[in-house]
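In what follows, a structure is listed as structure tokens, so that the remarks can point back to it.
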Amino acid sequence: QFPRQCATVESLRSGMCCPDYFPVFGPGTDRCGVSTGRGRCVQVTVDWRPHGPQYIHDGRDDREQWPIRFFNQTCRCSGNFSGYNCGSCRPGWSGPTCSQRINIVRRNLLDLNAEERRRFVNALHQAKVTIHPDIVIATRRREEIFGPDGNTPQFENISIYNYFVWAHYYSVRKTFLGTGQQSFGGVDFSHEGPAFVTWHRYHLLQLERDMQNMLQDPTFGLPYWNFATGQNTCDICLDDLMGARSNFDVSLISQNSIFSQWRVLCEKPYKDSGTEGGPIRRNPAGNVARPMVQRLPEPEDVAQCLEVGVFDTPPFYSNSTDSFRNTVEGYSDPSGKYDPAVRSLHNLAHLFLNGTGGQTHLSPNDPIFVLLHTFTDAVFDEWLRRYSADISTYPLENAPIGHNRQYNMVPFWPPVTNNEMFVTAPENLGYSYEVEWPGRALHVTEMITIAIVTALVLVAIIFAAAACIVRVKKNKDELHQPLLTDQYQHYSDDYDGIATPSQSVV
Ligand SMILES: O=C(O)c1cc2cc(O)c(O)cc2[nH]1
């Protein structure tokens with residue numbers, strides 16, 4: 001959550017987190033790369049607008065008005081520069097002056113060849129065991145951050161992948177209300193509100209960027225898992241991908257997969273440390289107590305969800321109806337209608353995994369999380385493209401805490417608002433998805449309407465054809481009749497051997 005350089009008594013006391021870009025000039029002389037025009041140290045902007053009624057403990061949580069409880073000054077970078085010290089480039093840009101455009105392609109995991117699969121699995125494992133070069137995490141709440149002696153900042157190193165896990169956990173954990181008091185659970189900075197899509201988008205971008213740096217490969221892109229193929233099996237649960245099922249325990253991963261060795265972080269809820277626990281549990285389609293989550297979404301569900309044209313609707317929560325966000329998140333049925341009994345799309349895919357990946361405070365521990373969310377993000381990006389990124393229904397205020405449009409997403413640093421992620425990815429964030437979207441099948445009512453219209457058109461054609469035939473027949477008859485009837489009569493009645501002009505013209 002914070003750069004290592006800011007995890008000091010001085011930085012915390014001053015509230016300033018503006019690390020040097022080029023420390024050669026001496027400490028504090030090149031804050032945010034100011035000497036080379038990369039950026040400068042400014043006051044943090046926070047969202048003070050009211051939040052929704054779900055959160056009732058204002059003043060008790062470090063995540064309120066993020067990140068002001070920890071720091072009130074940050075780097076603001078110029079142009080395409082970015083990062084905690086303006087030492088990197090904005091997504092979509094690269095090169096020493098961040099002036100080269102780049103595009104990263106996120107592909108279907110199942111389309112990777114054997115070598116690409118091996119490299120991706122190895123990269124994830126490397127991220128799991130490599131200490132994050134820049135970021136450390138706070139292991140105590142703000143009021144205890146200086147440690148028992150008041151002089152030892154309580155921060156820890158964490159691996160790149162575990163930081164990804166921890167950030168999700170920190171965003172969903174309950175509000176601590178004091179020793180012996182029950183923590184408050186009506187709070188979630190990354191789910192059940194409009195920030196669901198923007199928060200997870202940034203979360204993935206940050207992992208992708210960290211892995212690019214780790215691999216020294218700026219072209220590295222996270223693949224996706226199309227969980228809506230209509231099959232009710234985990235098709236990526238193979239030993240060369242996310243790990244097959246163990247032969248010895250249905251809820252464990254096969255020992256042929258490196259992921260069987262991964263240990264779960266944040267298993268003991270509400271203890272802020274990066275200690276690892278037991279193995280990843282996963283039993284796809286194995287929740288016999290809840291048959292509804294023993295299946296995966298259908299392609300048609302994605303197609304229907306993309307027809308929901310309004311981004312979000314009041315109360316901007318998990319009971320919103322006709323909201324694209326609540327539909328892709330999976331609290332509404334795929335057509336957008338809210339139904340408390342329904343779990344669809346993203347939520348259904350989580351619950352289908354039935355184990356570590358199905359519990360909000362733990363789910364990123366299972367690497368399937370990454371792939372499940374890249375696909376969810378692909379759906380979001382397709383929605384943004386289809387509806388020209390219409391942000392008008394993204395609320396500025398009264399969304400659940402953390403979800404207002406201008407709120408800085410918790411616990412990211414430097415501060416980044418939900419707003420900044422509400423843009424089409426290829427043009428603004430430098431990545432795109434290689435994906436084909438399913439066409440929408442017709443509803444019964446639409447099929448009936450089409451059948452009726454077709455029948456009416458057919459009847460009309462038949463009538464028109466019949467009328468035509470009758471007319472042609474009549475015309476034909478008219479052609480022959482005068483010779484045989486009227487005129488013949490005239491000729492025969494008073495025939496004198498010379499036809500009058502009127503009689504000779506047929
Ligand atoms: O019960 C749900 O709908 C549900 C479970 C679950 C797990 C998870 O990690 C999420 O990110 C969301 C989610 N929803």
Side-chain angles (χ1 to χ4, degrees), residues 54 161-162 164-174 185-204 206-207 222 224-225 227-228 234 242 251 262 264-267 269-270 277 280-297 301 305 317-321 323 325-334 336-380 400 402-403 409-411 421:
Q54 303 84 2
Y161 194 87
N162 281 352
F164 181 73
V165 175
W166 182 89
H168 192 261
Y169 158 75
Y170 191 82
S171 75
V172 303
R173 70 176 199 171
K174 297 181 183 181
V187 62
D188 187 329
F189 289 77
S190 55
H191 303 84
E192 301 186 59
F196 165 72
V197 280
T198 47
W199 191 96
H200 285 88
R201 166 167 277 202
Y202 189 77
H203 192 219
L204 293 168
Q206 179 206 252
L207 176 70
L222 295 170
Y224 65 85
W225 171 38
F227 54 69
C234 177
M242 295 296 105
S251 70
W262 279 28
V264 167
L265 187 76
C266 308
E267 224 168 20
Y270 325 118
I280 297 168
R281 297 257 160 208
R282 190 197 291 159
N283 182 5
N287 192 344
V288 284
R290 261 181 106 178
M292 209 189 74
V293 301
Q294 287 186 300
R295 54 172 281 268
L296 280 169
D301 298 345
C305 165
Y317 192 45
S318 45
N319 56 353
S320 290
T321 200
S323 143
R325 188 273 314 158
N326 209 33
T327 309
V328 72
E329 189 170 359
Y331 289 106
S332 292
D333 81 24
K337 292 285 164 274
Y338 170 66
D339 176 348
V342 158
R343 286 294 182 275
S344 68
L345 292 160
H346 151 269
N347 279 342
L348 182 55
H350 269 293
L351 296 173
F352 173 84
L353 294 176
N354 186 28
T356 308
Q359 301 166 62
T360 346
H361 68 288
L362 294 181
S363 50
N365 279 291
D366 186 332
I368 290 183
F369 178 100
V370 175
L371 305 148
L372 186 163
H373 272 280
T374 37
F375 186 67
T376 308
D377 183 62
V379 178
F380 175 42
H403 291 256
M409 293 180 272
V410 176
M421 290 295 111

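Each ligand, and each atom within it, is numbered from 1 in the order the structure gives.
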**Asked** For ligand 1, does Leu362 get within less than 4.0 Å through its side chain, its backbone, both, or neither, judged by non-hydrogen atoms?
**Response** neither
Has the side chain of [X] got a donor or acceptor atom that lies under 3.5 Å from a matching backbone atom of [Y]?
| X | Y | answer |
| --- | --- | --- |
| Asp188 | Val172 | no |
| Thr321 | Tyr338 | yes |
| His168 | Thr360 | yes |
| His403 | Ala195 | yes |
| Asn347 | Glu329 | yes |

Under 4.0 Å from any heavy atom of [X], which atoms of ligand 1 are there?
| X | result |
| --- | --- |
| Arg343 | 1 (O), 2 (C), 3 (O) |
| Asn347 | 3 (O), 4 (C), 12 (C), 13 (C), 14 (N) |
| Gly358 | 5 (C), 6 (C), 7 (C) |
| Thr360 | 7 (C), 8 (C), 9 (O), 10 (C), 11 (O) |

**Message:** Which residue and atom name correspond to the protein heavy atom nearest atom 11 (O) of ligand 1, and how close is it?
**Reply:**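 Sorting protein heavy atoms by distance from atom 11 (O) of ligand 1 puts His191 NE2, 3.0 Å first.
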**Message:** Consider side-chain contact (heavy atoms from CB on, under 4.5 Å). Of Leu265, Asn365, Val370, which one does Tyr161 pass it with?
**Reply:**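 The option that passes is Val370.
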**Message:** Any nitrogen or oxygen of Ser363 lying under 3.5 Å from a nitrogen or oxygen in ligand 1? Just yes or no.
**Reply:** yes
**Asked** Is it true that His361 lies under 4.0 Å from ligand 1, counting heavy atoms only?
**Response**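 Not so, His361 does not reach ligand 1.
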